[in-house]
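Here's the structure we're looking at; comments come further down.
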Number of protein chains: 2
Amino acid sequence: MKKQGADILKQSALSITASRKDILDIFLASSSALAHQDIELKCSDKFDRVTIYRTLQTFLDKGIIHSIPTTENAVKYALCKDECIVSGHHHDNHVHFLCDACGITICLEEVVVPQVKLPKGYSLKDINMVVNGTCKKCKA
Amino acid sequence: MKKQGADILKQSALSITASRKDILDIFLASSSALAHQDIELKCSDKFDRVTIYRTLQTFLDKGIIHSIPTTENAVKYALCKDECIVSGHHHDNHVHFLCDACGITICLEEVVVPQVKLPKGYSLKDINMVVNGTCKKCKA
DNA sequence: TGACATTTGCAACAAAGTTGCAATCTCCAT
DNA sequence: ATGGAGATTGCAACTTTGTTGCAAATGTCA
Ligand SMILES: [Mn+2]
Ligand SMILES: [Mn+2]
Ligand SMILES: [Zn+2]
Ligand SMILES: [Zn+2]
C-alpha cells in the first residue's frame with residue numbers, strides 16, 4: 001500500500017486535518033517540486049490561501065518538506081525523504097535541477113552536493129545547489 | 001581614482017542618467033549583495049520604485065550585476081567583476097554566502113563553484129551555489 | 001542647438017504574503 | 001462515547017512586492 005498523507009502526519013505528531021492531508025497527497029502525487037501557487041491552483045476551491053501558507057510553514061518546521069530557492073524569485077517545495085532524518089537532524093544534501101524551458105524543478109536525489117572550503121571565519125551550516133539547464137523532456 | 005558608476009555605464013553602452021549612476025554607486029559602496037528593498041531604502045526619495053525595478057533589470061540584461069537566489073525568498077544582486085566577461089559571455093561561477101544571523105549575503109569570489117555530473121538526459125547551463133552559515137562578524 | 005529615441009514618474013493594477021480574531025475542528029481524558 | 005482545552009481554519013483587512021501604459025522629461029548625437 002502506498003504511503004498516504006495521514007501517515008506522514010502521524011509520524012510528525014501533527015493533528016490530522018483535511019487540508020494537511022490533501023496538500024501532502026498533492027506532494028506525494030507530484031514528481032517535481034511545487035510552488036505555493038501550484039498548490040493553490042490545485043486546492044484553493046477547498047482551502048483558503050492563508051491555510052496553504054500556514055500549512056507549508058508547518059511542514060517546513062517539522063522537516064516534512066524542504067524549500068528550494070530558484071532563480072525566478074519563487075521558492076519551491078518538495079517532500080523530504082525518510083532517510084533524510086539522520087540522528088534527529090535533516091540532511092537534504094542533494095542537488096536541484098531547474099529546467100529553463102519548461103520551468104520544472106526536480107530533486108536529483110542521487111546527486112550529492114559537493115563540499116566546499118570556505119574562507120577563514122565563515123562557519124558552514126547548509127549548502128544549496130541549484131542547476132539550471134534543459135531537462136530530459138525539453139531536450140532539443 | 002576609484003571606479004565610478006558612470007564608467008560602468010559607458011562600458012556597457014548605456015545612457016548616463018542620475019538613477020543609474022546613483023544605483024551603481026550604491027553597489028560600488030556596498031561590500032555585500034543588495035535586495036531591491038535595500039536599494040529602495042537608500043534612494044526612494046530620489047527615484048521611483050518602478051525606476052529601481054527597471055534599472056536592476058537593465059543591469060541584469062547588460063551583465064553589470066548578477067542575481068543571487070536566497071532561501072528567504074528574496075533575490076539579491078551584486079556587481080559582476082570585470083574579469084567576469086570572458087569572450088563576450090558571463091562567468092559568475094563563485095559561491096555565495098548567506099549569514100543566518102545578520103542576513104548579509106556575500107560573493108565569495110575566491111571560492112569557485114565545483115562541477116557536478118548530472119544524470120543522463122539533463123543538460124547543464126548554469127550552477128548556483130548558496131551556502132548558509134554564520135559570517136565572520138556574527139561568529140559566537 | 002534641436003530632433004529623436006530613451007528613460008522616468010505617476011497612477012492604476014495585480015499578485016504575493018501577513019495578521020488578528022472568531023468559528024470550527026482534533027484529540028485526549030474522562 | 002462525550003466534552004472541553006487547545007490547535008487549526010476561514011475570513012477580512014491590510015501591507016508589501018511587482019507589473020503595465022502613457023505622458024512628460026531627459027540624454028544622445030548629428
Ligand atoms: Mn530536494
Ligand atoms: Mn556574486
Ligand atoms: Zn523541461
Ligand atoms: Zn552575519
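Reckoned from all heavy atoms, side chains included, excluding hydrogens, waters and symmetry mates. Naming convention: chains lettered A, B, ... in sequence-line order (proteins, then strands); numbering from 1 in each chain.
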Within this structure, what is the [atom1]-to-[atom2] distance between [X] and [N], rounded to whole angstrom?
{"X": "B/L9", "N": "C/dT7", "atom1": "CG", "atom2": "P", "answer": "11 Å"}
{"X": "A/K76", "N": "C/dA16", "atom1": "NZ", "atom2": "C1'", "answer": "16 Å"}
{"X": "A/R54", "N": "C/dG20", "atom1": "CZ", "atom2": "C1'", "answer": "9 Å"}
{"X": "A/I52", "N": "D/dG10", "atom1": "CD1", "atom2": "P", "answer": "9 Å"}
{"X": "B/F47", "N": "D/dA25", "atom1": "CZ", "atom2": "C1'", "answer": "14 Å"}

Review point. Is the B/H91-B/H66 ring centre distance short of 6.0 angstrom?
Key: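 No, ring centres 6.0 Å or more apart.
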Practice item. Please check if any side-chain donor atom of B/T105 sits under 3.5 Å from a side-chain acceptor atom of B/K76, or the reverse. Key: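 Yes, a side-chain donor-acceptor pair sits under 3.5 Å.
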Do any side-chain nitrogens or oxygens of [X] fall under 4.0 Å of OP1 or OP2 in [N]?
{"X": "B/T17", "N": "C/dT8", "value": "yes"}
{"X": "A/S15", "N": "D/dA7", "value": "no"}
{"X": "B/T51", "N": "C/dT7", "value": "no"}
{"X": "A/Q37", "N": "C/dA15", "value": "no"}

Exercise for review: Record whether the side chain of A/R49 comes under 3.5 Å of the base of C/dG17 through a donor-acceptor pair of N or O atoms.
Suggested key: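 Indeed there is one.
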Review point. Taking the nucleotide of DNA chain D with the closest heavy atom to each, which residue, B/Y53 or B/L14, is nearer the 5' end?
Key: B/Y53
Review point. Checking all strands, does B/R20 fall into the base, sugar-phosphate, or nothing category for heavy-atom contacts under 4.0 angstrom?
Key: sugar-phosphate
Review point. In terms of ring plane angle, is the pair A/H36 and A/Y53 parallel, tilted or perpendicular, where the classes change at 30° and 60°?
Key: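 The rings of A/H36 and A/Y53 lie parallel, inter-plane angle below 30°.
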Exercise for review: Measure the spacing between CD1 of B/I106 and OH of A/Y122 and express it to the nearest 0.5 Å.
Suggested key: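 With rounding to 0.5 Å, CD1 (B/I106) is 4.0 Å from OH (A/Y122).
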